[in-house]
Amino acid sequence: MKEVMSLHDVDGDKPIYIQIADWLENAIIDGTLNADEKVYSQYQLAELFTINPATAGKGLTILLEEELVYKKRGLGMFVSPDAQKRLRTKRKEQTLRKLVQDLLLEADLLGINKNELDKMIEKEREYREGEPT
């Protein structure tokens with residue numbers, strides 16, 4: 001099993017089982033966990049994060065209910081073939097859209113016009129790519 005990122009960036013206000021589901025979703029999105037690859041078991045997750053196995057199981061159940069993972073009897077859970085694509089679409093349509101709405105609301109409140117906002121976004125992109133202006 002591949003090494004997966006830690007939970008340290010996850011919002012502490014969320015229930016732990018939601019944090020586990022988010023953590024696994026992020027691993028699928030970034031390619032740490034690939035299509036048809038075995039996912040951590042609830043017991044592995046419980047040991048990894050020092051939590052109750054039932055809590056870890058609830059996190060896995062979220063992904064199972066969303067059909068992002070599937071069960072192979074006696075073998076465990078595996079990443080669904082289209083999970084990465086579906087998660088990217090879901091995050092783009094829900095999470096990213098909400099962030100853009102909040103950004104535009106804040107920009108309007110501060111009187112920042114489209115050109116200024118575009119420049120701020122471009123500057124941040126350049127910074128992230130290691131080319132600060």
Side-chain angles (χ1 to χ4, degrees):
M1 186 100 29
K2 293 181 185 175
E3 183 63 31
V4 188
M5 66 235 129
S6 69
L7 272 180
H8 67 64
D9 290 331
V10 179
D11 184 345
D13 293 335
K14 291 182 182 178
I16 294 171
Y17 71 96
I18 300 287
Q19 293 181 46
I20 294 296
D22 288 348
W23 182 78
L24 289 166
E25 283 185 2
N26 288 339
I28 293 168
I29 290 171
D30 75 10
T32 304
L33 291 172
N34 295 302
D36 299 311
E37 189 171 338
K38 186 173 171 63
V39 177
Y40 288 91
S41 73
Q42 71 184 58
Y43 299 103
Q44 289 171 317
L45 290 168
E47 185 176 327
L48 188 61
F49 296 113
T50 319
I51 59 173
N52 187 305
T55 302
K58 282 178 74 173
L60 286 168
T61 298
I62 291 171
L63 274 67
L64 190 61
E65 289 173 350
E66 293 181 12
E67 299 179 354
L68 298 169
V69 297
Y70 62 92
K71 284 185 181 181
K72 282 188 181 178
R73 189 177 185 125
L75 297 176
M77 290 194 203
F78 295 79
V79 178
S80 296
D82 64 344
Q84 185 182 55
K85 181 181 177 184
R86 290 178 51 224
L87 280 169
R88 286 178 186 262
T89 299
K90 173 185 151 186
R91 295 264 182 106
K92 182 179 174 183
E93 291 174 355
Q94 294 175 8
T95 308
L96 201 52
R97 183 171 184 205
K98 174 73 171 118
L99 290 170
V100 169
Q101 289 171 342
D102 290 347
L103 174 65
L104 291 173
L105 177 63
E106 186 69 15
D108 288 346
L109 288 171
L110 297 174
I112 296 174
N113 65 35
K114 181 185 181 314
N115 289 336
E116 287 179 278
L117 191 56
D118 288 346
K119 285 178 185 176
M120 291 173 73
I121 291 169
E122 187 56 37
K123 188 173 183 175
E124 183 61 27
R125 281 187 185 269
E126 289 172 358
Y127 177 78
R128 289 171 172 261
E129 293 171 1
E131 305 167 12
T133 55

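Atom OG1 of T89 and atom CD of Q94 lie 10.5 Å apart (nearest 0.5 Å). In this structure, L33 CG and E25 CD are separated by 11.5 Å, a value rounded to the nearest 0.5 Å. Note: Q19 CD to T55 OG1 = 11.0 Å, rounded to the nearest 0.5 Å. Interatomic distance, L63 CG to D22 CG, rounded to the nearest 0.5 Å: 9.0 Å. With values rounded to the nearest 0.5 angstrom, T61 atom OG1 is found 10.5 Å from Y17 atom OH.
Using a 4.5 Å cut-off on side-chain heavy atoms (C-beta onward), E47 and Q44 make no contact.
Legend: residues meeting side chain to side chain donor-acceptor pair (under 3.5 Å) with Y43, ordered by chain and number and at least two apart, are absent.
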Would you check, one step at a time, whether the test side-chain contact (heavy atoms from CB on, under 4.5 Å) holds for V39 with Y70?
CA-CA 10 Å; V39 177; Y70 62 92; over 6 Å; no
Test L103 against L99 for side-chain contact (heavy atoms from CB on, under 4.5 Å), laying out the working first.
CA-CA 6 Å; L103 174 65; L99 290 170; over 6 Å; no
Dump the intermediate steps for side-chain contact (heavy atoms from CB on, under 4.5 Å) on Y40 and F49, then the final yes or no.
CA-CA 12 Å; Y40 288 91; F49 296 113; over 6 Å; no
Yes or no on side-chain contact (heavy atoms from CB on, under 4.5 Å) for L60 and I20, after CA distance, side-chain angles and deciding distance?
CA-CA 8 Å; L60 286 168; I20 294 296; 5.5 Å; no
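Looking at every heavy atom in both residues, A46 comes nearest to A56 through N-CB, 4.0 Å.
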Identify every side-chain donor-acceptor pair in residues 72-88 under 3.5 Å, counting partners at least two apart or on other chains, and give the distances.
unit_1: S80; atom_1: OG; unit_2: E67; atom_2: O; d: 2.9
unit_1: S80; atom_1: OG; unit_2: L68; atom_2: O; d: 3.3
unit_1: S80; atom_1: OG; unit_2: V69; atom_2: N; d: 3.4
unit_1: Q84; atom_1: NE2; unit_2: I28; atom_2: O; d: 3.3
unit_1: Q84; atom_1: NE2; unit_2: I29; atom_2: O; d: 2.7
unit_1: R86; atom_1: NH1; unit_2: E66; atom_2: O; d: 3.4
unit_1: R86; atom_1: NH1; unit_2: E67; atom_2: O; d: 2.8
unit_1: R86; atom_1: NH2; unit_2: E66; atom_2: O; d: 2.6
unit_1: R88; atom_1: NH2; unit_2: I29; atom_2: O; d: 3.0

Atom pairs and distances, donor-acceptor, side-chain atoms in residues 104-115, under 3.5 Å, two or more places apart:
unit_1: N113; atom_1: OD1; unit_2: N115; atom_2: N; d: 3.1
unit_1: N113; atom_1: OD1; unit_2: E116; atom_2: N; d: 2.8
unit_1: K114; atom_1: NZ; unit_2: D118; atom_2: OD2; d: 2.8

